[in-house]
Amino acid sequence: MTARAYPDTVDEVVSLQAPQVIAGEKLPREFYARHGLEVAPELLGMILVHETPEGTTAGRIVEVEAYIGPDDRACHAFGGRRTRRNEVMWGPPGHAYVYFTYGMHHCLNVVCAREGMPHAVLVRGMEPVVGIELMAARRGLGEWAGSGGHGSTATPANDDGTGRDLPAGEHTRRLRELWHRLGAGPARLCQAMGITLAQNGADLVRGPLYIIRPASAPVTAVAASPRIGIDYAGEARDYPWRFYVPGSPGVSRPARTRDGRAAPGTRQAGEESQSAR
DNA sequence: TATAAGATTGGCT
DNA sequence: GCCAATCTTATAT
């Protein structure tokens with residue numbers, strides 16, 4: 001039983017890019033001014049938007065992780081550490097905490113809770129909604145998403161350059177893979193959205209980087225798992241503070257469970273369902 | 001000033 | 001599955 005259907009046709013993708021999907025209310029300060037564990041799952045399905053001189057990009061958030069302050073060993077503010085890097089976490093809610101890591105990657109967090117209480121939600125995965133070609137260009141995948149070239153419904157990855165239609169299954173596989181490469185993972189997402197340290201501290205309630213509640217396409221299923229990449233965090237590594245939309249191609253990787261097996265609903269881009277189908 | 005590690009990704013075995 | 005890339009940040013001399 002699938003919780004949500006993912007695009008099988010070009011038309012469905014086009015409809016997902018339609019303006020009404022991003023027509024919605026910008027999330028107010030009060031939305032963010034709550035405990036990180038309360039905000040995190042509610043961010044799933046919301047639309048992250050970034051307006052830049054290059055153009056506007058937007059994506060549907062499908063994977064997040066909560067980092068909840070001085071007592072959370074995985075949190076940058078663990079132990080009450082207040083540094084130049086994490087300073088924004090300590091400020092008022094509704095701002096972007098962007099940090100640079102591994103010498104090349106940026107990660108976006110949404111600051112929650114109250115000023116002086118460093119909660120943040122890491123945005124780890126999205127499904128591209130607006131500006132897919134710009135995202136692809138930023139990610140160095142221009143040839144993947146270049147304008148299709150024929151027909152008014154030309155969309156990313158629907159064209160093999162021969163002018164012929166692709167088989168339906170192959171089409172779906174390519175779409176899932178493109179979406180995965182554009183939005184699955186905190187650093188991929190930032191690169192696609194044009195988010196860098198320049199956005200660190202940005203006010204999500206006032207500026208060109210913001211999150212809206214979509215007028216349609218609500219999330220129908222939420223799964224939880226341990227957070228990714230925090231083996232250093234002691235027993236906190238097992239806390240189920242990662243939230244994601246099962247089956248979405250925008251989810252970065254399978255859940256890690258205590259016994260090391262992949263959890264349900266974490267199929268990767270382009271994968272076919274293993275079970276009933 | 002020096003050193004180690006990182007809320008990752010992509011390429012190769 | 002393993003490992004290099006690449007450099008800011010945090011922390012220890």
Side-chain angles (χ1 to χ4, degrees), chain A residues 36-37 39-41 43-44 48 59 61-90 95-113 118-126 128 135-144 177-201 224-244 249-256 259-262 266 268-270:
Chain A
L37 281 174
V39 174
L43 277 172
L44 298 179
L48 176 66
I61 297 170
V62 294
E63 181 184 350
V64 297
E65 286 176 355
Y67 290 85
I68 55 173
D71 297 329
D72 177 3
R73 294 197 81 89
C75 183
H76 287 170
F78 173 68
R81 279 191 300 274
R82 184 166 181 163
T83 66
R84 200 171 76 214
R85 178 177 69 160
N86 71 21
E87 179 62 28
V88 177
M89 285 186 81
W90 296 83
H95 289 251
Y97 165 41
V98 181
Y99 68 91
F100 184 70
T101 190
Y102 288 103
M104 61 189 98
H105 299 306
H106 297 277
C107 294
L108 168 70
N109 290 260
V110 171
V111 175
C112 302
H119 288 200
V121 175
L122 172 68
V123 183
R124 287 191 55 94
M126 68 171 185
M135 292 187 196
R138 286 169 170 160
R139 290 273 300 130
L141 296 171
E143 70 282 4
W144 265 74
E177 184 169 348
L178 175 63
W179 285 20
H180 193 82
R181 292 168 69 152
L182 293 181
R188 288 180 182 145
L189 172 159
C190 280
Q191 189 176 19
M193 294 291 291
I195 295 169
T196 68
L197 283 178
Q199 278 68 48
N200 187 36
S225 84
R227 293 170 290 181
I228 304 293
I230 55 159
D231 287 349
Y232 57 83
E235 65 180 31
R237 62 173 254 139
D238 291 324
Y239 298 165
W241 293 348
R242 171 186 185 235
F243 305 94
Y244 58 96
V251 172
S252 64
R253 47 205 295 191
R256 173 184 66 74
D259 60 9
R261 287 178 305 142
T266 53
Q268 294 302 290

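Residue numbers begin at 1 in each chain, while the letters A, B, ... track the order of the sequences.
Counting heavy atoms from C-beta on, the side chains of C75(A) and P70(A) never come closer than 4.5 Å. A 4.5 Å side-chain heavy-atom check between N109(A) and V123(A) finds every atom pair outside the cut-off. For the pair Y244(A)/S225(A), a side-chain contact is recorded, criterion being any heavy-atom separation below 4.5 Å from C-beta on. In this structure, the side chains of R188(A) and H105(A) stay at 4.5 Å or more apart for every pair of heavy atoms. Contact of the L141(A) side chain with the R181(A) side chain is registered, since non-hydrogen atoms from C-beta on lie closer than 4.5 Å.
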field: Heavy-atom protein contacts under 4.0 Å, nucleotides 1-13 of chain B, coded B base, S sugar-phosphate only, - none
entry: -----BBBSS---

Sort me out a list of protein N/O and nucleotides 1-4 of chain C N/O pairs below 3.5 Å, or just none if empty.
none

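Between H106(A) and F100(A), the ring planes are tilted. Angles from 30° to 60° get that label.
Remark: aromatic rings of H76(A) and Y99(A) are close, center separation under 6.0 Å.
Using a 3.5 Å distance cut-off with no hydrogens or angles, the side chains of Q191(A) and R138(A) do not pair a donor with an acceptor.
When rounded to the nearest whole Å, the span between CZ of R84(A) and P of dT11(C) equals 13 Å. For R82(A) and dT9(C), the CZ to P distance is 17 Å, given to the nearest whole Å. Computed from coordinates, the H106(A) NE2 to dT9(C) P distance equals 10 Å when rounded to whole Å.
Using P as the reference atom, dA2(B) and dT6(C) are 22 Å apart when rounded to the nearest Å. If you take atom P in dA5(B) and the same atom in dC3(C), they sit 16 Å apart, rounded to whole Å.
With hydrogens and angles ignored, the 3.5 Å screen pairs a side-chain donor or acceptor of N200(A) with a backbone N or O of V98(A).
In this structure, R81(A) fails the cation-pi test against F78(A), since its NZ or CZ atom is not both closer than 6.0 Å to the six-membered ring centre and inside 45 degrees of the ring normal.
Paired runs in DNA chain C that reach 3 or more consecutive Watson-Crick or G-U pairs, where each pair keeps both distances under 3.5 Å, cover B:1-6 with C:7-12, B:8-12 with C:1-5.
Between D72(A) and R227(A) there is a salt bridge, since a side-chain N of the basic residue sits under 4.0 Å from a carboxylate O of the acidic one.
Between R81(A) and dA10(C) there is no side-chain polar atom (N or O) within less than 4.0 angstrom of OP1 or OP2.
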